[in-house]
Amino acid sequence: MRAVDRFDASDYQCGPATPAVQRLVTTFATLDWFEAPTHSADDAQARFVRYHELGRAWATDLFHPALKVELHTGGWGEFQQLCDDVRAPKRPWDWKYQILKTLSERHSGCFEGTKPTAAQLPMVPSASDLFVRFADVVVWNLRLPRLDVSSFGNDQKQRTTFYRSYCQFDLTEALDWQLADPSCRLDDNPFAVLMSVYAGGHYPFHLAADHAVLFSFSPPH
C-alpha cells in the first residue's frame with residue numbers, strides 16, 4: 001500500500017543536513033506499507049541487530065546486551081494483536097518513549113543548536129520549513145502523504161493508522177540525529193537503520209528489553 005498523494009521533499013532545506021533529511025523523508029513517504037516483504041528475513045534481522053548495536057554504543061544502559069530477535073510471518077489478525085500488545089496500558093517497559101526518545105535526547109545533548117527555538121521561526125511557515133511554531137512550542141512541519149485506508153474495516157484501519165504513526169516517530173528521531181550531526185552517515189544513524197527494517201517489509205515490535213519481534217505479512221496465494 002503506497003501513499004495516494006504525490007510527494008516532493010526538495011523544498012526542505014536545512015543546511016549541511018539537507019541531503020540526508022530529504023532522503024529520509026522521501027524514503028518514509030514512498031514506502032509500500034503492509035505488503036509481503038521485499039527483503040529477506042536474514043537481512044531484516046541483521047539490520048535490526050545493527051540498529052541495536054548503534055544504539056547501545058551511545059547508551060549502553062538502555063539496550064539489553066543479549067537481545068533476542070524473533071521472526072514471525074502471518075496475517076492481519078497477528079499484526080493487529082501485536083499492535084494491541086505494544087499499546088497495552090501500563091506496560092512496564094516502553095520502547096519508543098522510554099528507550100528511543102532517551103537515546104535521541106542524549107545524542108542531541110552532545111551537539112549545540114540542533115533545533116530552532118520558537119523565536120527563530122516565522123509566524124507563518126513556508127514549504128521549506130521543517131518546523132512550525134505554536135506560541136512558544138516548536139513542532140515538526142512534515143507534510144507526509146496519506147494512505148488510503150477507506151476500504152479497510154475499522155479494526156484494520158485503526159491498527160494501520162497507529163503503526164504508521166508509530167514508525168513516524170523513528171523518522172523524526174532520524175531527522176533529529178542528522179540535524180544534530182550532519183556529518184553522520186545514514187548507515188551510522190540508528191534510527192535510519194531502524195527505518196530500513198520496515199522499508200523492506202519487516203515490522204518491529206519490541207515487547208521487552210531483551211525481546212523483539214520482526215513481523216512480516218505472508219505473501220498472497
Side-chain angles (χ1 to χ4, degrees), residues 9 12-29 31 44 47-65 67 69 86-87 91-118 120-121 129-134 136-144 162-199 202-214:
Y12 292 125
Q13 300 294 320
C14 43
T18 295
V21 165
Q22 291 179 349
R23 181 176 169 186
L24 287 167
V25 178
T26 298
T27 295
F28 190 91
L31 284 182
R47 290 171 186 266
F48 195 82
V49 169
R50 170 67 174 161
Y51 134 76
H52 188 83
E53 291 172 345
L54 289 169
R56 185 168 164 76
W58 268 92
T60 305
D61 58 312
L62 296 179
F63 291 82
H64 199 280
L67 175 67
V69 181
V86 298
R87 292 198 300 176
R91 285 182 56 84
W93 186 86
D94 183 89
W95 181 35
K96 297 288 183 175
Y97 293 98
Q98 185 178 340
I99 305 302
L100 296 187
K101 190 66 177 177
T102 303
L103 169 65
S104 180
E105 289 172 348
R106 288 188 189 177
H107 176 262
S108 295
C110 295
F111 301 87
E112 294 184 1
T114 61
K115 279 185 181 179
T117 64
Q120 294 172 317
L121 292 172
D129 290 326
L130 271 178
F131 301 96
V132 61
R133 62 182 290 187
F134 290 99
D136 293 329
V137 179
V138 175
V139 298
W140 289 97
N141 186 38
L142 296 175
R143 305 173 309 281
L144 295 170
F162 156 73
Y163 195 82
R164 191 176 187 235
S165 66
Y166 191 65
C167 293
Q168 188 174 329
F169 174 98
D170 303 324
L171 169 63
T172 56
E173 300 304 337
L175 295 174
D176 262 340
W177 198 278
Q178 293 302 137
L179 291 172
D181 181 12
S183 67
C184 181
R185 297 169 60 249
L186 288 179
D187 288 345
D188 294 328
N189 177 333
F191 295 97
V193 175
L194 181 58
M195 285 175 58
S196 74
V197 177
Y198 49 81
H202 297 267
Y203 302 106
F205 292 87
H206 218 319
L207 304 175
D210 62 346
H211 179 211
V213 172
L214 299 184

Quick one: do R91 and D94 make a salt bridge, cutoff under 4.0 Å?
no
Heavy atoms only: give me the nearest [X]-[Y] pair and the separation to one decimal.
X    : Y    : answer
A44  : V197 : O-CG2, 4.1 Å
F48  : P204 : CE1-CB, 3.7 Å
G15  : T18  : O-OG1, 2.8 Å
T102 : Y97  : OG1-O, 3.9 Å
A174 : N189 : O-ND2, 3.1 Å
H211 : V213 : NE2-CG2, 3.8 Å

Test side-chain contact (heavy atoms from CB on, under 4.5 Å) on C167 and F28 and set out the steps.
CA-CA 9 Å; C167 293; F28 190 91; 4.0 Å; yes
Separation between [atom1] of [X] and [atom2] of [Y], rounded to the nearest 0.5 Å:
X    : Y    : atom1 : atom2 : value
W177 : D170 : CH2   : CG    : 12.5 Å
T26  : R23  : OG1   : CZ    : 10.0 Å
R87  : F205 : CZ    : CZ    : 10.0 Å
Q13  : Q22  : CD    : CD    : 5.5 Å
Y198 : L214 : OH    : CG    : 12.5 Å
S104 : I99  : OG    : CD1   : 13.0 Å

Exam field: side chain R133 to backbone V137, donor-acceptor pair closer than 3.5 Å:
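Pair absent, no side-chain N/O of R133 close to backbone of V137.
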Could you check L142, V138, V139 and say which one makes a side-chain contact (heavy atoms from CB on, under 4.5 Å) with F131?
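One option only clears the test, and that one is V138.
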With sequence neighbours left out, what residues match K101 under side chain to side chain contact (heavy atoms under 4.5 Å, CB included)?
E105, F169, E173
Taking side chain to side chain contact (heavy atoms under 4.5 Å, CB included) as the definition, give me every residue that meets it alongside H52, ordered by chain and number, with sequence neighbours left out.
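With neighbours one apart ignored, the set is F63, L67.
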The ring pair (Phe, Tyr, Trp, His ring centres under 6.0 Å) partners of Y166 (sequence neighbours excluded) come to F162, Y163
side-chain contact (heavy atoms from CB on, under 4.5 Å) evaluation trace for R56 with L103
CA-CA 9 Å; R56 185 168 164 76; L103 169 65; over 6 Å; no
List the steps, then state whether side-chain contact (heavy atoms from CB on, under 4.5 Å) holds for V25 with L144.
CA-CA 8 Å; V25 178; L144 295 170; 4.0 Å; yes
Can you find a heavy atom in the side chain of D188 that is under 4.5 Å from one in the side chain of R50?
yes
Are the side chains of D176 and W140 in contact, using a 4.5 Å heavy-atom criterion?
yes
Go through V86 and W95 one step at a time and tell me if the side-chain contact (heavy atoms from CB on, under 4.5 Å) criterion holds.
CA-CA 9 Å; V86 298; W95 181 35; over 6 Å; no
Contacts of type salt bridge (charged side-chain N to carboxylate O under 4.0 Å, His left out), residue R164, not counting sequence neighbours
none
Any residue meeting salt bridge (charged side-chain N to carboxylate O under 4.0 Å, His left out) with R47, in chain and number order, not counting sequence neighbours
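R47 satisfies salt bridge (charged side-chain N to carboxylate O under 4.0 Å, His left out) with D43 once adjacent residues are dropped.
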Classify the ring geometry of W58 against H107: parallel below 30°, tilted from 30° to 60°, perpendicular beyond 60°.
perpendicular
Contacts of H206 that satisfy side chain to side chain donor-acceptor pair (under 3.5 Å) - sequence neighbours left out
none
